[in-house]
Amino acid sequence: MSTIGQVFAAPTLLLLGLPVVALAVWDLLRGWGSNAGRRMAGTGIRTLALLAIIAALADPQWVRRKQVGHVIFVVDRSASISDAALQTSLAEVDRLRAGLAEEVRAGLVLFDATAELAVFPGTPWTPAADRRRASADGSDLDGALALALSLVPDGESGEIVLLSDGRDSAGAVHFDPWGLRVPIHTVVVDPVRDDPAVLAVTLAEGQVRPGATATGKVELVGGDAPASGTLTVRIGDKVVLRDSVALAPRETIEVPFSHAIEATAPGGSRAVEATLEMDPGSNDTDVTDNAAGAVLVIGEAPKVRVVVGEDPDGGAIAGALRAERMEVDVVKASAMEARHQDLSDVDLVVLANAPAHAVAGERGMPDAFMGKLARYVDSGGGLIVLGGPMAYDMGGYGDTPIERILPVKIDPVEQEI
């Protein structure tokens, strides 16, 4: 169904009619003399003509307004929503859906740390009986809204009904609601709990290198009475935090933690687990919500290839990089082999007084390697170029692929053979 209405493309121009009406009123109030009828008629005609011109400038348009064709219900099922509150939300969805017109297509999105399409708009309304997932830590509100918006086809009307406590604990880039092309109606779900709980574990970075420091926070919520306990955070088999916490009724707090990853730590994933052990006397009726977790990925140590002109050239920088727990491979430019030219597993290349052409009896870098190095940098690879008597202009970098990727221009010079 649809309705037809009139709108103005430039409605602010209608304000120009105010001074026109004011002048007409002033003209009507002054003395008219013996020709009052003719003068009043002329004033009326001029006023109507000016108002018509102003209305035309405002660009009146007739538009067809569609009634809402899609209604997408977005329901929060994260750990901060109790089972009772979730059931209340779903009952409210059923009530609102029952009041929709028959031609309106209704859809359902459930979300916690991830968003799930439970009912596609227009299909039979048969949401899964088990609406909780095994793990409901976190709530990605941005992702849920993005999924809901994608269910409204371009050019068709729709609305989003969000049932949530409004908390977004996914740590993602925020979805801009002002950029939505459909309106959002929010129904606040009361996240009240009757006992303390661990809501979520959030990492500042999901992946770190060996030797780096992993940081994050644990989000806790209080119950219906003051409570205290001990919060323990483990990364792998190591305890990185054990601290006493006090929770006021309904209070939500964040407890930060950090841990320096060993420089010799092997790559792979580590479980991050937060557990809350309540003190005796604290009201803790549901111990199943006293833990939450995340996954930390430890990457491989950075790999660096140092290309030198002479053996001593790379000693200092190689030592400094190894002190930062990086894997460093030092090779002379004149001794480069095919395996040294493969940069697929290299994070950084350092040219330390490395010549591009033969200098002082030393063979320079192979042409094939310089071409691969340029493509490596163009693809985002890291490059550091150190100076020396066999680098830059003296090293013959001019008119080579290396010159193209450097932020300087190389003036050619005569090479010494």
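Computation of the quantities below employed the complete heavy-atom set of this structure, encompassing side-chain atoms and omitting hydrogens, waters and symmetry-equivalent molecules.
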A side-chain contact here means heavy atoms from C-beta on lying under 4.5 Å apart; do [X] and [Y] qualify?
| X | Y | value |
| --- | --- | --- |
| L383 | L351 | yes |
| L117 | L151 | yes |
| I298 | P210 | yes |
| L241 | V218 | no |
| P153 | H70 | yes |

So which pairs with a foot in residues 228-247 pass salt bridge (Lys or Arg N to Asp or Glu O under 4.0 Å), sequence neighbours left out?
K238-E262

Could you list the residues that satisfy side-chain hydrogen bond (donor to acceptor under 3.5 Å, both in side chains) with [X], not counting sequence neighbours?
| X | result |
| --- | --- |
| E327 | none |
| K372 | none |
| E254 | K217 |
| R209 | D347 |

Which residues satisfy the side chain to side chain contact (heavy atoms under 4.5 Å, CB included) test with [X], sequence neighbours excluded?
| X | result |
| --- | --- |
| E273 | A271 |
| A318 | R322, V328, V330 |
| L96 | F73, E92, V161 |

How would you list, by chain and number, every residue that makes a salt bridge (Lys or Arg N to Asp or Glu O under 4.0 Å) with [X], sequence neighbours excluded?
| X | result |
| --- | --- |
| D342 | none |
| R404 | D378 |
| E205 | none |

Taking atom CG as the centre, does D329 end up with more than 12 heavy-atom neighbours from other residues, nucleotides or ligands that are less than 6.0 angstrom away?
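More than 12 heavy atoms, drawn from other residues, nucleotides or ligands, come within 6.0 Å of this atom.
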
So does E277 have more than 12 non-hydrogen atoms from other groups sitting under 6.0 Å from CD?
no

The ring pair (Phe, Tyr, Trp, His ring centres under 6.0 Å) partners of Y392 (sequence neighbours excluded) come to Y397

Closest approach of M278 to S228 (non-hydrogen atoms, all atoms of both residues):
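Shortest heavy-atom separation between M278 and S228 comes out as CE-O, 3.2 Å.
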
What is the minimum heavy-atom distance between A212 and V208, and which atoms define it?
CB-CB, 4.3 Å

Hey, mind stepping through L147 and F111 against side chain to side chain contact (heavy atoms under 4.5 Å, CB included) and telling me if it holds?
CA-CA 10 Å; L147 175 58; F111 75 97; over 6 Å; no

I'd like to know whether V198 forms a side chain to side chain contact (heavy atoms under 4.5 Å, CB included) with T275, so could you lay out the CA-CA distance, the side-chain angles of the two residues, the decisive distance to 0.1 Å, and finally the verdict.
CA-CA 7 Å; V198 180; T275 56; over 6 Å; no

I'd like to know if the side chain of S157 and the backbone of G69 have a donor-acceptor N/O pair within less than 3.5 Å.
yes

